[in-house]
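Just below is one structure, and these are the notes that go with it.
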Amino acid sequence: MATFPPNFVWGCATAAYQIEGAWDEDGKGESIWDRFCHTPGRVMHGDTGDIACDHYHRYREDVALMRELGLRGYRFSISWPRCFPAGKGAANEQGLDFYDRLVDELLAAGIEPFPTLYHWDLPQAIEDEGGWTNRETVRHFADYCAALVDRLGDRIKRWSIFNEQLSFTVLGYMAGYHAPGIRDPAVGLKTTHIANLAQGLAARSMRATSKAIEIGSAFSMWGPVHPATGSDEDRAAAERHFRFNNLWFLEPALLGRYPDAYAGGLDPERLGVRAGDMETVRADLDFIGINLYSRTVVANDPSDRNLGTRAVHVPDVERTELGWEIYPEGIYEVIMRCWRDYQKPVYITENGASYSDAPDERGVIDDQRRIDYLRRNLAQAGRAIEDGADVRGYYLWSLLDNFEWAFGYGQRLGIVHVDYATQRRTIKQSGHWYRDVIAANGRNL
């Protein structure tokens, strides 16, 4: 039986572009995801986040659902272009007012707000100036972060600077699968350094307001990385893969250095490192956010001139509908490594599963596979706590079925079903189950 501390934060997570809609209302500026989705061929079925879950207009209904579920915390993201349409300069008061109202509604419902300042929706105006390839973006981002903390910091104690830097840099500028859709490995690598500079400068600007009590980021972690065989070469490859995919944005913030991930080493010039940069990237974050869904298995591959690794498909294992392997022990393994190596409090900032269970003739969504996934993963988080890790919260992904980026509306990860045609919300059986887990503080896992 898992044991969770009395003040453990049981929550859910969402992101602005995935649920808010109102993409061009009340003074909001265009984001790179608006532009990306409106470009034919970028997103499955031509889906866009123009309406999404219409949370911008239905946030009170959604907070009422959170209260019904017994949530203690809600992790959401703030849309930079909703607050600063050009990414800099004059603020959009209507956008800021929306987040004022949302935070007040959450507090009135007894739910702790936990904002993420950047979950991939860069203002298109900033992208037009180079986006995350332009070092000037670092300063604009830090100014935006300070402005939001100054506005909301009297009611919010915990902030996440970024969500998954690996996704918006590598997938956005190196692989091109995400906005802005650029495929340039050399440029993409440099964006990872610029994002680390932004993280460090943002942390400083937020602390300068004297209103941010806890600052961290939610890091993309592709679970533990296991070697395909027991050979020394595969074990070394697995470690390199772990360092790049899990630590590339964490270790610079906490230790002021890049992990040794590249086979044969990495020339700092390829990253675009300048004198004084490594002092800037060091942010001494207050906590580590872990976004984790699966694990990775790799083999050594000398033909790969970067990490020298090759991902290996594991046959005959359980998978979610996204094709991700179900490996609950991964949460335990990654928590324990982060705790051992960095001694910082941990929040599971994302964890969940995609299953497309639909309402039956009674309107019930019986998503037992999701319940099984969550139960097993939460038990492993509890195991890490019992083994001494300081794990302070769990934010299930996601509260609502929503726009899943390049997958459009083809994947459902919510514990609340959304009928996109009518915007009707229905709590799934997993939502009722999670409510009971929260009420028992995890004692029933």
Side-chain angles (χ1 to χ4, degrees), residues 13-38 49-50 52 55-56 59 75-103 113-153 156 159-165 167-169 171-173 178-180 191 194-206 209 212 215 217-218 403 405:
T14 65
Y17 188 77
Q18 293 180 269
I19 68 167
E20 283 183 3
W23 76 280
D24 62 351
E25 292 185 36
D26 294 340
K28 177 186 171 294
E30 184 185 21
S31 78
I32 58 173
W33 271 94
D34 293 320
R35 181 72 61 88
F36 191 76
C37 290
H38 294 157
D50 291 1
H55 175 74
Y56 185 77
Y59 71 92
R75 178 176 169 254
F76 60 98
S77 79
I78 294 172
S79 168
W80 185 356
R82 193 177 296 285
C83 298
F84 289 86
K88 56 187 175 180
N92 174 29
E93 287 299 321
Q94 289 177 290
L96 293 170
D97 286 347
F98 169 70
Y99 295 108
D100 269 324
R101 296 193 304 272
L102 174 60
V103 167
F114 179 15
T116 298
L117 286 159
Y118 185 78
H119 197 134
W120 310 353
D121 48 352
L122 185 73
Q124 183 62 44
I126 296 293
E127 177 59 31
D128 291 343
E129 297 177 356
W132 292 110
T133 73
N134 182 356
R135 290 172 68 105
E136 282 299 301
T137 299
V138 172
R139 179 171 55 84
H140 300 319
F141 180 67
D143 290 345
Y144 153 69
C145 291
L148 265 294
V149 171
D150 190 61
R151 176 73 172 235
L152 302 174
I156 294 170
W159 297 81
S160 178
I161 299 171
F162 279 132
N163 182 81
E164 296 190 4
Q165 299 97 309
S167 295
F168 70 79
T169 57
L171 295 185
Y173 292 87
H178 282 188
T191 67
I194 291 172
N196 274 325
L197 288 168
Q199 181 171 243
L201 194 62
R204 288 168 175 77
S205 71
M206 293 162 71
T209 68
I215 298 172
S217 278
F403 176 84
W405 308 111

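Here the structure is a predicted model, which is why all the values come from computation and not from measurement.
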Would Tyr144 and Tyr118 count as a close aromatic pair, with their ring centres under 6.0 Å?
no
Less than 6.0 Å separating the ring centroids of Phe403 and Trp23?
no
Thr169 meets the side-chain hydrogen bond (donor to acceptor under 3.5 Å, both in side chains) criterion, sequence neighbours left out, with none
Contacts of Trp405 meeting side-chain hydrogen bond (donor to acceptor under 3.5 Å, both in side chains) (sequence neighbours excluded), chain-then-number -> Gln18
Do you know which two heavy atoms are closest between [X] and [Y], and how far apart they sit?
X      : Y      : result
Phe36  : Pro180 : CD1-C, 4.1 Å
Val103 : Pro113 : CG1-CG, 4.1 Å
Ala86  : Pro123 : C-CB, 4.4 Å
Ala90  : Phe84  : O-CD2, 3.8 Å
Ile126 : Gly87  : CG1-CA, 3.8 Å
Ala52  : Gly21  : CB-N, 4.0 Å

Side chain to side chain donor-acceptor pair (under 3.5 Å) partner of Glu30, chosen from Arg35, Gln124, His38
Arg35
Holding to salt bridge (Lys or Arg N to Asp or Glu O under 4.0 Å), I want the full list of residues that pass it with [X], two or more places apart in sequence or in another chain.
X      : result
Asp50  : none
Asp143 : none
Arg135 : Asp277

I'd like to know if the side chain of [X] reaches the main chain of [Y], judged simply by a donor and an acceptor atom lying under 3.5 Å from each other, with no hydrogens or angles considered.
X      : Y      : result
Ser77  : His119 : no
Thr116 : Ser160 : no
Thr209 : Ala146 : no
Asn92  : Asp26  : yes

Going by heavy atoms in the side chains, are [X] and [Y] under 4.5 Å from each other?
X      : Y      : value
Ser79  : Tyr17  : no
Glu136 : Glu129 : no
Ile156 : Pro115 : yes
His55  : Thr14  : no
Glu164 : Leu171 : no
Phe141 : Ile161 : yes
Trp132 : Leu122 : yes
Ile78  : Leu152 : yes

Output the distance between atom [atom1] ([X]) and atom [atom2] ([Y]), rounded to the nearest 0.5 Å.
X      : Y      : atom1 : atom2 : value
Asn134 : Asp128 : CG    : CG    : 11.5 Å
Asn196 : Thr191 : CG    : OG1   : 10.0 Å
Arg151 : Leu96  : CZ    : CG    : 4.5 Å
Arg101 : Tyr56  : CZ    : OH    : 6.0 Å
Trp80  : Asp121 : CH2   : CG    : 10.0 Å
Gln94  : Asp100 : CD    : CG    : 13.0 Å

I'd like to know if Arg82 pairs up with Glu20 as an ion pair, taking the criterion as any Lys NZ or Arg NE/NH1/NH2 lying under 4.0 Å from an Asp or Glu carboxylate oxygen.
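Looking at Arg82 and Glu20, the cut-off is met.
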Ion pair present between Lys28 and Asp34, side-chain N to carboxylate O less than 4.0 angstrom?
yes
Kindly determine whether Tyr59 and Ile19 satisfy side-chain contact (heavy atoms from CB on, under 4.5 Å), including the steps that lead there.
CA-CA 10 Å; Tyr59 71 92; Ile19 68 167; over 6 Å; no
List in chain and number order the residues that pass ring pair (Phe, Tyr, Trp, His ring centres under 6.0 Å) with Trp159, two or more places apart in sequence or in another chain; answer none if no residue qualifies.
none
